[in-house]
Amino acid sequence: MDALPASVDELTDGLRAAGYLPGSSTALVAYLAIRLGKPVLVEGPAGVGKTELAKALASCLGRELVRLQCYEGLDEAKALYEWNYRKQLLRIQAEADGASWSEVQDDIFGKEFLLARPLLSAISASSPVVLLIDEIDKTDQEFEAMLLEVLSDFQITIPELGRIEAISQPVVVLTSNNSRELTEALKRRCLYLWLDYPTLEHELEIVRLHAPELAETVARKLVGVIGMVRELDLKKPPSIAEAIDWARALLLLGARDIDEDTFAQTMSVIVKHRTDLEVVAARVGIALAPATPAQ
Amino acid sequence: MSLPPALPGIDARLLELGEELRAEGLAIGTSELLDAFAALEEIDWTERERFQSALAATLAKSPEGRRVFDLVFERFFFRAVEAAALREGVTERGGSREDDGRNGLDGSQLDLDELRAAIAQAMADFDEARLRDLARLAIAAFGRPDEASSGVVGVDVQRIRRALGLRSDPQPQFDPEDPRREGLGREALRHFEMLLRQELERAQIERTQTLAPARPLGDLDRALPSGPTADLAAVHRVVAQLRRRLATRGSELRGQRRHDHIDMRRTMRGSLQTGGVPVVIKQRPRRPRRPELYVLCDVSTSVTSASVFFLSVLHALHDSFRRMRSFVFIERVSEVTDVFAHERAFKAVSEAIAGEAGVADVSGYTDYGRVWSEFRVLVEDDLDPRATLIVLGDARTNGRDPRAAEFAALTARARRAFWLNPEPRLYWNYGDSVIAAYAPFCEVFECWTTRQLEDFVRSLTASAAA
């Protein structure tokens, strides 16, 4: 699908075909982002498919995905562009004699010597892309401020070259784990989507999509248990990805039911902290116990 | 919002909605509203959920904002519809009241058990439209405005809910298929109550032919759905933000008024270069003061719900302030600074406090008077005049002597004293609450939401830097 989707339902189908089951508002906001050309800020707990949404969008729109993974200390040189210093140096040395200063200067600050980093390559790509700016909350506020120019006008100003405007308008997805409050200015420029853990039915559908061989009853029970585990006060509640992993693990083990034993054996797939393991074993294991004598 | 001269058209409605959202504290600029209009052009409006989602995506930009948005959206369009209905003179029964008995909404013809089961089922299925219908049936069955009604909508809602036997705890007498056996979800129950409330209000508006003024959202509506773990996460998130704000805020103030005091000695020395004329005035750099904190936290049963909140506040404060000593008390006081120093995880801390502190000796009831005297003995020598004292508690003494004089003596030794009370201001000084006895000696803050906590910390850091 290279053309823009004409309706929300069309986009929903496209995302489904790409292996992503969007909730109703997810599809709607993604659709609006595409139609309005606005970036969309996706927030929510870890592992609810924020990054996956961008990937699925790219694949269903038939676009390339350009990803900028944010981290503390990320700066312009790594996000926007950098001068290829070594190449410049070589150039200067090659032309050491004869050339005047202004000629060399014009020469070495050309596009040829520019190393495009994700943001620049996203807006200067000849065909439109999907730009994913992942975990924006990990960066500092200065970086956010720098993003504003890119996000609202889709342009980048390089002092030596002038303004570079987008050749094609990318679909921009920003994700955040909400570990810090983002600035108002950034939020103002974005559409906002809050992704939470899916409802039971929705998650069941997702698990069934990714592990179709798993028996429906087992899948249903699995989703129920995951929901129970999420209710507990854990350091790291299990995400959708972990639910899928668990489903695959059960498939490999050939489990026909989730009883206390299978749960104890495979629990480490969904719970990843030692203290969490104890809590989950104590609370959920007991709740599952009645299933054992039935076997 | 005045009724009759309402401007026609959806544009005006949306602007009004924006106004109402602003009144509830959402930051909505013109650009957001423009986005909202642009978004509405892209979708069809036939589905309520899409309409709402599109507006939410452009107007509400945080989880909390989204929650407020949903509440205001619900309220606004309910009222807009009712206002329009009033203007047009439309009533529920198509204008004629004769066919009362035949339109199916009459309570006497209903099988009540069937109705109960149907509502429980619809709740379990999250079937919005069906729930709405059932809510009206339920009102028809139990809530005849002229008979048993109390006239207060909130009371009627609860009465109808009880009559329907809808409870969140498991009711094992039902069949395994019946959703009531496992207990109904709290969210679903709350949602159904909201529908009941709306239908009752609708009926009331129809009877009285007036629209009551909009009720602003209370803090309780606004708060994120509780459940202790969700609360805890929220507190931690806010406190983590506070910590960042504390750090930046301090430096902000330092930057603005870096030079306040003239350093006489250095100025005079400098003036020697210019023949004794102080041309260059040297100023004393401001040193940011490190607040020294003493925190007393009530962990008795009367503040159970708040003490998790308070302990997490304590926990977070420990991360921010190095020079801090914390104490917990019920009947006696016990220092827990070491516990916080050794344990990083909140869970471990609260367990250690519950297990080791040994603060409830005899009766398990708070004895503020005794706590003050003990605390004074404990810290008498250390409490220096620059220290800040913070008490977290409800000031409910269980009828014992508050010994305000002891407290006054304590606060006199400290530079500042704050009291954070986890009860809404409304309940202060009722029953055995003696907050008024302590209020003259400290600054009392109402603190039972993260927002109020934020306000408090802001005032704390602002005044510490001043």
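A note on names: the letters A, B, ... follow the listed sequences, proteins ahead of strands, and every chain is numbered from 1.
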Which atoms of A:Leu36 come close to chain B, meaning under 4.5 Å heavy atom to heavy atom: side chain ones, backbone ones, both, or neither? side chain
Name the region of A:Glu184, side chain, backbone, both or neither, that has any atom closer than 4.5 Å to a heavy atom of chain B. side chain
For the student: nearest non-hydrogen atoms of [X] and [Y], plus distance:
X: A:Leu32; Y: B:Ala39; answer: CD2-O, 3.5 Å
X: B:Pro63; Y: A:Glu43; answer: CD-OE1, 4.1 Å
X: A:Arg188; Y: B:Ala27; answer: NH2-O, 3.8 Å
X: A:Asp9; Y: B:Arg50; answer: OD1-NH2, 2.7 Å

Given that the side chain runs from C-beta out, which part of B:Leu59 has a heavy atom under 4.5 Å from chain A: side chain, backbone, both or neither? neither
If one checks every heavy atom of B:Glu49 against chain A at 4.5 Å, the contacting part turns out to be side chain
Just so I know, are the side chains of A:Leu41 and B:Lys61 near enough to count as touching, which here means a heavy-atom distance under 4.5 Å? no
If you draw a 6.0 Å radius around CD in B:Glu74, do more than 12 non-hydrogen atoms from other residues or ligands fall strictly inside? yes
Heaviest contributor of heavy-atom pairs below 4.5 Å to chain B, chosen from A:Val29, A:Val8, A:Leu193, is A:Val8
Should B:Ser62 and A:Lys187 be marked as a side chain to side chain contact (heavy atoms under 4.5 Å, CB included) after you check the CA-CA gap, both sets of side-chain angles, and the distance that decides it? CA-CA 9 Å; B:Ser62 65; A:Lys187 284 188 169 181; 3.7 Å; yes
Say you draw a straight line from CD of B:Glu42 to OG of A:Ser7; how long is it, rounded to the nearest 0.5 Å? 11.5 Å
Specify which of B:Asp44, B:Asp35, B:Ile43, B:Thr58 makes the most heavy-atom pairs with chain A at under 4.5 Å. B:Asp35
